[in-house]
There are 2 protein chains.
Amino acid sequence: MSSEVATSAPNEAAAPRIRISEAGRYEGQRVQIQGWLYNLRKSGKIVFPIVRDGSGMIQCVAVKSNLPEEVFETLKGLTQESSLEVTGTLRAEPRAAGGYELDVSNVHVLQRVSEDHPYPITPKEHGVDFLMDHRHLWLRSRRQHAAIRVRHQVIKSIRDYLDSHGFTLVDTPIFTPAACEGTTTLFEVDYFEDEKVYLTQSGQLYNEANIMAFGKVYCFGPTFRAEKSKTRRHLTEFWMVEPEMAYADLEEVKRVAEEMVICLVGRVLEERKEDLKVLERDTAKLERVTAPFPRMSYDEAVKILQSKGSEIQWGSDFGNTDETLLTQDYDRPVMVDRYPSEIKAFYFAPDEHRPEVALGVDLIAPEGYGEIIGGGQRIHDLALLEKRLADHNLPREAFEWYLDLRRFGSVPHGGFGMGVERFVAWMCGLEHVRETIPYPRMLYRTRP
Amino acid sequence: MSSEVATSAPNEAAAPRIRISEAGRYEGQRVQIQGWLYNLRKSGKIVFPIVRDGSGMIQCVAVKSNLPEEVFETLKGLTQESSLEVTGTLRAEPRAAGGYELDVSNVHVLQRVSEDHPYPITPKEHGVDFLMDHRHLWLRSRRQHAAIRVRHQVIKSIRDYLDSHGFTLVDTPIFTPAACEGTTTLFEVDYFEDEKVYLTQSGQLYNEANIMAFGKVYCFGPTFRAEKSKTRRHLTEFWMVEPEMAYADLEEVKRVAEEMVICLVGRVLEERKEDLKVLERDTAKLERVTAPFPRMSYDEAVKILQSKGSEIQWGSDFGNTDETLLTQDYDRPVMVDRYPSEIKAFYFAPDEHRPEVALGVDLIAPEGYGEIIGGGQRIHDLALLEKRLADHNLPREAFEWYLDLRRFGSVPHGGFGMGVERFVAWMCGLEHVRETIPYPRMLYRTRP
């Protein structure tokens with residue numbers, strides 16, 4: 001592509017190319033910014049292009065009398081999302097969003113978006129389906145941009161937390177021969193020569209092997225669930241972090257989950273202040289997320305729900321409405337433990353004193369964001385695990401390797417899984433998880 | 001599981017539980033270590049259990065006269081990989097591997113591995129198939145443990161490098177509707193209601209959308225290739241990082257690739273010294289990996305290969321033998337650029353002055369480790385990209401969103417992909433990539 005318009009002012013000396021986020025270091029200097037036209041305000045003989053470059057936005061000030069005619073006219077007629085290089089001098093401007101404005105001395109347009117085929121996302125309201133069909137462009141919009149940056153921060157902070165607390169990253173496989181929790185929600189893949197494999201729903205079983213080698217581990221990757229549900233909390237492809245620890249009991253799992261969540265919320269508040277502002281997130285609510293989190297048993301939770309009018313009976317799992325009801329009196333996540341074993345996966349350790357309940361814990365976020373963490377202590381006794389596999393009609397042969405972990409140095413152990421998208425939705429105050437992942441995959445959505 | 005043996009010395013005061021890697025901070029103190037029996041040496045009235053806990057190994061010294069009879073006898077008869085908690089006093093011992101030994105005052109065995117069903121991996125030689133069938137246990141072995149820790153370091157250092165150089169993590173989807181480079185090596189997945197999706201081979205096309213929103217991005221996740229090849233360099237599931245940059249040309253791509261590789265090698269050498277020792281890696285060879293990397297064109301590379309006796313002709317891609325031949329005179333990676341467009345993917349930008357060559361670059365590691373990075377500058381002109389899609393018989397409709405990126409603010413841009421496993425194989429000096437990933441997936445390997 002040759003540039004459709006390439007103009008050059010006479011005194012274009014080499015100005016350093018900077019990113020908008022670095023403006024503070026170049027106050028008073030001549031710099032070049034490479035970006036896209038976000039918006040353009042015109043006021044007679046001055047135009048105010050707002051340029052974004054991915055790191056931030058800056059308002060530029062282009063005065064007709066200071067510029068070659070051709071440059072000014074080019075700028076004045078420029079279309080949304082055209083790509084351009086702007087040279088100018090950075091000036092502190094307390095009223096500006098980023099604190100700086102750029103007095104334009106030259107402009108070079110790389111590609112001018114045609115009026116005949118204008119940028120499809122305009123300031124007017126668009127339907128979600130339209131926006132999702134244009135997800136590859138929608139990510140340029142301010143709110144989407146902010147949400148993905150919060151996502152990056154959350155992922156980075158999870159890894160930082162675990163790396164600095166002695167956990168080893170041990171990636172678990174995506175292709176798995178057996179299912180972790182039933183096979184009805186598994187995606188099947190044709191492997192070679194009529195072999196079938198399934199896309200992972202959890203790395204936990206592998207994590208349990210890995211802790212016996214590394215003590216503390218985590219896996220962090222995409223997981224898949226072929227659920228035919230179309231709710232605001234479900235994606236078919238989502239990212240999950242799963243820490244697991246040897247020589248750990250339910251209390252230790254709760255302690256680490258709480259500590260990690262507090263660390264993440266703190267990092268997001270600290271590092272992504274501007275993005276939270278764009279998202280109009282009420283950060284006061286996040287600031288109240290401090291230790292200790294309220295802890296209650298499933299028994300107590302059921303009683304609370306019943307007292308609030310829920311028709312839940314002991315033995316049932318909580319629905320979204322129950323979760324919202326349960327957390328409405330709290331300003332931080334609620335930890336509910338000791339669920340009925342019946343509604344938990346086969347590998348949960350039973351409570352020693354009350355074998356009908358499992359040493360599992362769910363962490364339910366406030367403000368209606370629902371379960372963000374599920375975990376607990378695993379069975380470490382061989383005989384009990386064998387019995388559970390049989391009770392659940394699971395194919396023993398496929399689990400021989402998993403049983404090995406109880407034959408060769410078994411220890412009490414536990415861990416948890418945290419879905420990235422739900423956590424990010426909570427941080428951003430987004431109602432639907434589809435905006436927390438760059439390219440959401442849902443029941444009726446596999447493009448672009 | 002109740003402990004098979006649980007013994008307790010009289011003066012068991014609460015000793016702090018530490019990890020072996022923390023021993024230096026507790027010299028002279030009584031501590032507890034929770035781990036597994038790696039090895040046991042006996043010498044009359046003293047036994048020397050070597051205990052591993054995932055963070056390291058420590059030799060313990062248990063003297064018969066200092067211990068209750070029962071504790072000593074338990075220890076003396078303990079089997080490999082039994083789980084145990086050892087209490088004792090840390091003593092500096094310059095001759096010991098980690099610099100410390102533990103004088104045992106008490107032992108608690110959690111699970112004793114049965115003699116009737118002993119730990120299957122013994123110091124004797126095992127075949128690779130046997131070890132891979134026991135991958136869930138093999139990871140406890142010293143070399144495997146070290147390789148996975150190097151892998152963790154490489155992944156962490158990649159993320160640290162990119163995060164600190166202004167790149168935003170934008171995860172690209174695993175489920176994709178179209179292929180990046182042909183469809184013959186794609187894994188097909190049954191989505192809902194007869195829809196088919198494919199597992200990603202590269203996030204690059206999505207990255208190209210993401211840079212227009214964020215300027216500089218990377219994706220980092222598993223990628224899949226249904227290749228029926230069974231070589232030491234191929235996995236069906238492998239992890240890849242792909243940075244991409246707006247307003248970047250081929251030279252900038254080369255600069256960033258070189259800088260990142262140098263950073264990664266440095267971090268591995270600094271942080272994983274002990275693991276490299278376990279792997280018997282000749283670190284002097286890694287220390288020579290400094291800037292600048294030798295740079296040559298494909299044309300020059302072909303001439304060098306021919307002069308060395310290769311039968312390669314201009315227009316062919318390099319095979320493994322060519323790559324090894326090409327790098328044998330160099331002690332650092334070699335950058336080869338400007339390949340024939342014919343052998344590169346449709347999206348590579350042509351050289352302005354020589355349109356038959358593509359602005360692509362491969363980075364070929366020394367010591368026969370082959371191509372670790374492939375990348376280049378992409379086409380940013382709409383008309384040219386449309387022509388290429390047609391020339392390659394690619395379905396235009398599926399690429400409409402990708403064409404949008406050339407309609408709405410197109411800019412010169414480029415990036416590269418780096419496979420984690422090949423890079424880790426190079427760092428570790430491992431001949432086969434299968435040991436660089438916890439649970440390798442290959443043509444005939446999908447378990448455990």
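- Residue R151(A) touches chain B through its side chain alone, counting heavy-atom pairs closer than 4.5 Å.
- Neither the backbone nor the side chain of I437(A) comes within contact range of chain B, judged by heavy atoms closer than 4.5 Å.
- In this pair, H136(B) and W401(A) present their aromatic rings perpendicular. The plane angle is above 60°, beyond the 30 to 60° band.
- Neither the backbone nor the side chain of E352(A) comes within contact range of chain B; no heavy atom of the residue lies under 4.5 Å from a heavy atom of that chain.
- Heavy atoms closer than 4.5 Å to chain B are found in the side chain of A246(A), but not in its backbone.
- Residue P440(A) does not touch chain B at all, counting heavy-atom pairs closer than 4.5 Å.
- Ring planes of F224(A) and F175(B): tilted class, angle from 30 to 60°.
- Within the 4.5 angstrom heavy-atom criterion, atoms from both the backbone and the side chain of P448(A) approach chain B.
- Neither the backbone nor the side chain of L37(A) comes within less than 4.5 Å of any heavy atom in chain B.
- Contacts of T446(B) with chain A are made by both backbone and side-chain atoms, with heavy-atom separations under 4.5 Å.
- The contact between F192(B) and chain A is made entirely by side chain atoms (from C-beta outward), counting heavy-atom distances below 4.5 Å.
- With a 4.5 Å cut-off on non-hydrogen atoms, R19(B) touches chain A through its side chain but not through its backbone.
- For L385(B), no part sits under 4.5 Å from any heavy atom of chain A, backbone or side chain.
- Contact of R142(A) with chain B is not made at all, since no heavy-atom distance falls under 4.5 Å.
- Between Y191(A) and R441(B), the closest side-chain pair of non-hydrogen atoms falls below 4.5 Å.
- Rounding to the nearest 0.5 angstrom, the gap separating the CG atom in D53(B) from the NZ atom in K216(A) is 10.0 Å.
- For a residue to count as touching a neighbouring chain, one of its non-hydrogen atoms must lie under 4.5 Å from one of that chain's; by this rule E193(B) touches chain A with the side chain only.
- Heavy-atom pairs under 4.5 Å with chain A peak, among T168(B), V170(B), D190(B), D163(B), at D163(B).
- Heavy-atom distances place both the backbone and the side chain of V189(A) under 4.5 Å from chain B.
- For a residue to count as touching a neighbouring chain, one of its non-hydrogen atoms must lie under 4.5 Å from one of that chain's; by this rule L137(A) touches chain B with the side chain only.
- Both the backbone and the side chain of D171(B) have a heavy atom closer than 4.5 Å to some heavy atom of chain A.
- If you measure heavy-atom distances from R159(B) to chain A, the contacts under 4.5 Å come from the side chain alone.
- Rounding to the nearest 0.5 Å places CZ of F214(B) at 5.5 Å from CG of L139(A).
- Atom OG1 of T236(B) is separated from atom CD1 of I174(A) by 11.0 Å, given to the nearest 0.5 angstrom.
- At a 4.5 Å heavy-atom cutoff, the contact between W239(B) and chain A is made by side-chain atoms alone.
- Looking at E195(A), the atoms closer than 4.5 Å to chain B (heavy atoms on both sides) all sit in the side chain, from C-beta outward.
- Residue E81(B) holds its CD atom at 11.5 Å from CG of D404(A), rounded to the nearest 0.5 Å.
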Check step by step if side-chain contact (heavy atoms from CB on, under 4.5 Å) holds for V411(A) and Q34(B). CA-CA 9 Å; V411(A) 299; Q34(B) 303 178 300; over 6 Å; no
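- Between H117(B) and F408(A), the angle of the ring planes goes over 60°, which puts this pair in the perpendicular group of the 30/60° scheme.
- Heavy atoms closer than 4.5 Å to chain A are found in the side chain of Y218(B), but not in its backbone.
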